[in-house]
Amino acid sequence: MRNKKICAMQTKTSLQGSIIDTDYFQDKKNNSVIRLFVKTGKGIEILCDPDFRPYFYVIAESNPEALAKKIRRAEFGESKAKAVSVEKAEKENAENALKLSFRNTSDLVTAREELREAHGIRERREYDLPFAERYLTDRGLIPYALYEFQVREENGFKQIESAKLVSEQGFPLKSIALDIETSQAIGREEFFADPKKDFVIMVSYSDRDSRVITTPKALEKLGFVDVVENEKEMIESTREMLFREKPDVLVTYNGDSFDLPFLKERAHQNGIRFGLGPLDEEPETRRRGLYNASRMRGLQHVDAFQIIKMLSAMDAIKLAKYDLESVYKALFGKEKNKIGHKEILKTWREQKGLEELATYSMEDALATKKICDEYLQFYIELAKTMRINLFEATRTRTGGLVERMLTNRSFELNRLIPNKPNEGEMRERQDYTFQGAYVKEPISGLHERLAVLDFRSFHMSIMASHNMSPETMNCDCCKDSGFVVGNVWFCAKKSGLITGIVKELMEKRAKLRAEMKKHEAGTSRYKALYAQQWVTKILINSIYGYMGFPGARWYSRPLVNALYSLVRQYIKETIAKAEKDGFIAIYSDTDSCFLELPEGKTEKDLEEFAKKINSELPGVMEIEIEGQYKRGLFVTKKQGKEAAKKKYALIDYKDKLKIVGFEYVRRDWARIARDCQRDVIEIVLKEGNPEKAVQIVRERIAELRSGKTKKDDLVIISQLTKKPSEYDSVGPHVSAAKKAIAKGKKLRSGSLIEFIITKRGKSISDRAVIAEDVAEGDYDAEYYIENQLVPAVIRILQELGYSEEDLKQGGRQSGIGKWG
DNA sequence: TAATTCGCTAGACCGA
DNA sequence: TCGGTCTAGCGAA
């Protein structure tokens, strides 16, 4: 009765909005139904697309019709699952392919397992693509863009009839940052809080305004604090705030592993739920590789910590540490106060210094919000390009991004995507290593008048220019006419998958950069364009690495080998041409070439040379003058007489320094050594006054000997890359970590160890102690002189004729011998 | 669930 | 106690 009535009330409407998330649910008929979370002017609308069925392909050994017939009749598993349709699929790169569609994803899983090695099937394809993710690919929908949806309302569901792109720019997203502080019951002093035993003492959030929800009445007088009775009310009040404000993005700093799971468990301990977002759904925490990820459907959880990790992996930012304070300082150049775990505990138990704690808590949320604001535009662009949601965009690694891009493209070109390697293939691939780029040994010493040339997107421009792609390799049509590299050739007739993508990305980037220059830096349009060109650059640069990665679907050993051989060939040819032209090639690494302009060679000659090279290069390949420098320094290696590669310092005609590879840029050297090295390099390059440099070194040595060097200048940072017990060779950072763990500190694989070398103990490792357990002045001066300061500067000063003894003279105090 | 190779250096480790 | 070898980490591209 009721159903009939609703059917009769079927209505059609249209609405404008942007897709911010997709997932699927099981309807009453057991169909998996795609659900879209669409942001409209009036909040989130939930739309369904019941016509889209989960599917995968099988490729028949010989007779696809017979196989299709067999599969149509087949019942899979105990549930007797059946394919709802089996159709012949015409694909560009596969014959005898059948597309199998299912009622729901569990039927699909049952069938795909049973068909793994079934008779008559050569292989299964595209059987492991997540249903909700492939929806956007197949429908060609761009998340976070603005669409006009035609919607039919039926049985209480809003079903999509059609979607028309209105603008690439969707509704602006609203984000709120959330952060919690916790305390522990008396008697518990664990480093990591446990939500079953410990509790939340403050919740802070940052929107346009930043506020703190907590319990102490005394804090009521602070304008930004809302006081509630207890923890339960704190959590409820947080939820109320989120339901009131309705953010699209919830931002945390390490909320994946900490804030969200903790709040959820505390809610349960208090007998309430921690539902969030349009579905009032509790965050679900899942293991995702090394880390956890917490998500709710319809509300994008962006963990700024993951953002920072990812940007760091992409070399977009460089940081020594990943705690909120360090990140904040690195991004915004401002100090943010830090209150340690122990201090928070003490403050809460004694109820003294609560105002500072509340301020700190509020600033945490604010800083988290600011980090997210800085990169949100970038991730929205990435999400659009990849057709994934923000949750995925902020957590997917480069390999995954490349794969997603190739998957989308394959769909557009009606090509089946390759399968993931199985364990055996994986192992075999892992055992193989490619020979990579060429690095020319530099001519050590000081050089004047240097120019650095480099190839733009070197690897990918080679691939695009020679139409190198897995499916264009060794094609039937160009056996004699294709482009030959070693024992393979590439098609001269049909443009390849990779070629198309790379050309498009390179053109897109050039356009974006041109457009970017028309706007003022700092404007939101400029920022958006910058973010887009950056996404593009990162994607371009990740493709070839991905193709040599053992886990890749598009892994191709012969292709990568051919590429690397061209990579070496082109740079060597360039060096040869430069020398023939009268330049002196000082150094070269992969795609760059450092040339000295000898007397008589002008800047114009250099430009002419670059032009000539470019005229001889094929396709989109291009060399450019990266910079010109008045002086450059290369040093010898510590061992042997050769010059060190990947280590140099340059100064341009505006006196700007560029230091590469030296200890100065390495976090596993103490600040005192790094800063001193920088000073020495600067004086040498800028003033050409080595005597002054030596003087500075002597001063630092004396300072170290006096015992007055600050702790911060002595800290060495190194990462624990495995469990302390798993090390064959126990280095200083492992030893320091072990001692700290024995004292109750929780450190694990991935933790950054900050340590100082003290005087107590025999080996260096014995003397290494975690920085926070070291008092000011408690350090081994001789270690810092002999193993840090002197090694950092000696090879630079050696180039100018100084010896180790010259540095220590005058810095030595009577009575203190080298060995004590 | 996962991008690559090349290169430098420290400090432990190990055998003489 | 010395010196060669190996493990480990980080950075360049």
Side-chain angles (χ1 to χ4, degrees), chain A residues 128 286-291 293 310 312-315 318 320 395-403 420-421 426 429-430 432-442 452 454-455 457-459 538-555 557 560-561 563-564 567-568 571 587-593 626 635-640 642-648 658-669 673 716-722 726-735 752-753 757 762-768 783 786-788 791-792 795:
Chain A
D128 51 2
R286 272 197 204 169
R287 197 101 187 132
R288 196 183 160 108
L290 264 173
Y291 302 94
M310 179 175 170
S312 166
M314 284 178 170
D315 282 337
K318 220 194 95 183
R395 290 170 181 79
T396 306
R397 301 296 190 230
T398 47
L401 292 176
V402 172
E403 200 142 286
K420 282 185 184 164
M426 222 20 191
R429 291 175 182 187
Q430 273 162 352
Y432 182 87
T433 46
F434 296 97
Q435 185 195 342
Y438 168 69
V439 187
K440 179 183 155 59
E441 187 192 327
V452 178
D454 59 19
F455 283 95
S457 301
F458 193 37
H459 297 77
I538 281 160
L539 293 176
I540 294 171
N541 291 339
S542 320
I543 299 173
Y544 75 89
Y546 163 84
M547 299 186 71
F549 152 60
R553 288 176 191 267
W554 276 270
Y555 177 89
R557 189 174 297 171
V560 172
N561 273 322
L563 173 65
Y564 281 144
V567 159
R568 293 187 294 270
I571 198 72
Y587 173 59
S588 162
D589 185 351
T590 312
D591 61 351
S592 70
C593 192
E626 182 269 338
V635 298
T636 55
K637 286 203 278 192
K638 184 170 193 185
Q639 299 280 298
E642 315 95 85
K645 300 168 178 177
K646 298 187 187 283
K647 231 178 182 190
Y648 58 85
K658 185 174 178 181
I659 300 176
V660 177
F662 274 107
E663 286 74 10
Y664 169 67
V665 301
R666 297 180 62 101
R667 68 177 179 195
D668 55 353
W669 281 73
I716 298 166
I717 301 176
S718 195
Q719 194 183 28
L720 217 51
T721 59
K722 42 188 164 183
E726 285 169 357
Y727 279 84
D728 289 334
S729 176
V730 177
H733 71 299
V734 183
S735 168
L752 285 175
I753 311 302
I757 304 300
K762 261 180 99 184
S763 71
I764 294 169
S765 285
D766 291 341
R767 283 177 283 156
Y783 170 83
E786 297 294 330
N787 298 38
Q788 292 275 327
R795 274 178 306 287

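Residue numbers begin at 1 in each chain, while the letters A, B, ... track the order of the sequences. Values reported hereafter were calculated over all heavy atoms of this structure, with side chains retained and with hydrogens, waters and symmetry mates removed. Note that this is a predicted model, so its numbers are computed, not measured.
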Open item on the list: Less than 4.5 Å apart, side chain to side chain, heavy atoms only: is that true for A:Phe434 and A:Asn561?
Closed with: yes

Using a heavy-atom cut-off of under 4.0 Å over every strand shown, decide if [X] touches base, sugar-phosphate, or nothing.
X: A:Trp669; value: sugar-phosphate
X: A:Gly551; value: nothing
X: A:Arg795; value: sugar-phosphate

Open item on the list: Within a 6.0 Å radius of atom CZ on A:Arg286, are there more than 12 heavy atoms belonging to other residues, nucleotides or ligands?
Closed with: no

Task: Heavy-atom pair with the smallest gap, counting every atom of A:Pro732 and A:Ala768 - done: O-CB, 3.4 Å

TODO: Would you name the heavy atoms of A:Ala792 and A:Ala673 that are closest together and state the gap between them?
DONE: CB-O, 3.9 Å

Atom-pair distance ([atom1] on [X]; [atom2] on [N]), nearest Å:
X: A:Glu642; N: B:dT9; atom1: CD; atom2: C1'; answer: 14 Å
X: A:Asp766; N: B:dG11; atom1: CG; atom2: P; answer: 13 Å
X: A:Phe549; N: B:dA2; atom1: CZ; atom2: P; answer: 8 Å
X: A:Glu663; N: B:dG7; atom1: CD; atom2: P; answer: 18 Å
X: A:Lys637; N: B:dT9; atom1: NZ; atom2: P; answer: 7 Å
X: A:Gln639; N: C:dG3; atom1: CD; atom2: C1'; answer: 10 Å
X: A:Met310; N: B:dT1; atom1: CE; atom2: P; answer: 16 Å
X: A:His459; N: B:dC6; atom1: NE2; atom2: C1'; answer: 11 Å

Open item on the list: Run the side-chain hydrogen bond (donor to acceptor under 3.5 Å, both in side chains) test against A:Tyr555 and tell me which residues pass, sequence neighbours left out.
Closed with: A:Arg557

Open item on the list: Using OP1 and OP2 only, check whether a side-chain N or O of A:Thr398 sits under 4.0 Å from B:dA3.
Closed with: yes

Task: Any A:Asn787 side-chain nitrogen or oxygen under 4.0 Å from OP1 or OP2 of B:dA10 - done: no

Open item on the list: Looking at A:Arg553, is its backbone amide N or carbonyl O close enough to the side chain of A:Tyr546 to form a donor-acceptor pair, meaning the two atoms are under 3.5 Å apart?
Closed with: yes

TODO: Would you mind building the protein contact string for nucleotides 6-13 of chain C? One character per nucleotide, 5' to 3', B for base within reach (heavy atoms under 4.0 Å), S for sugar-phosphate only, - for untouched.
DONE: -SSBBBBS

- [ ] First locate atom OH of A:Tyr587, then atom OG of A:Ser592, and finally report the distance between them rounded to the nearest 0.5 Å.
- [x] 6.5 Å

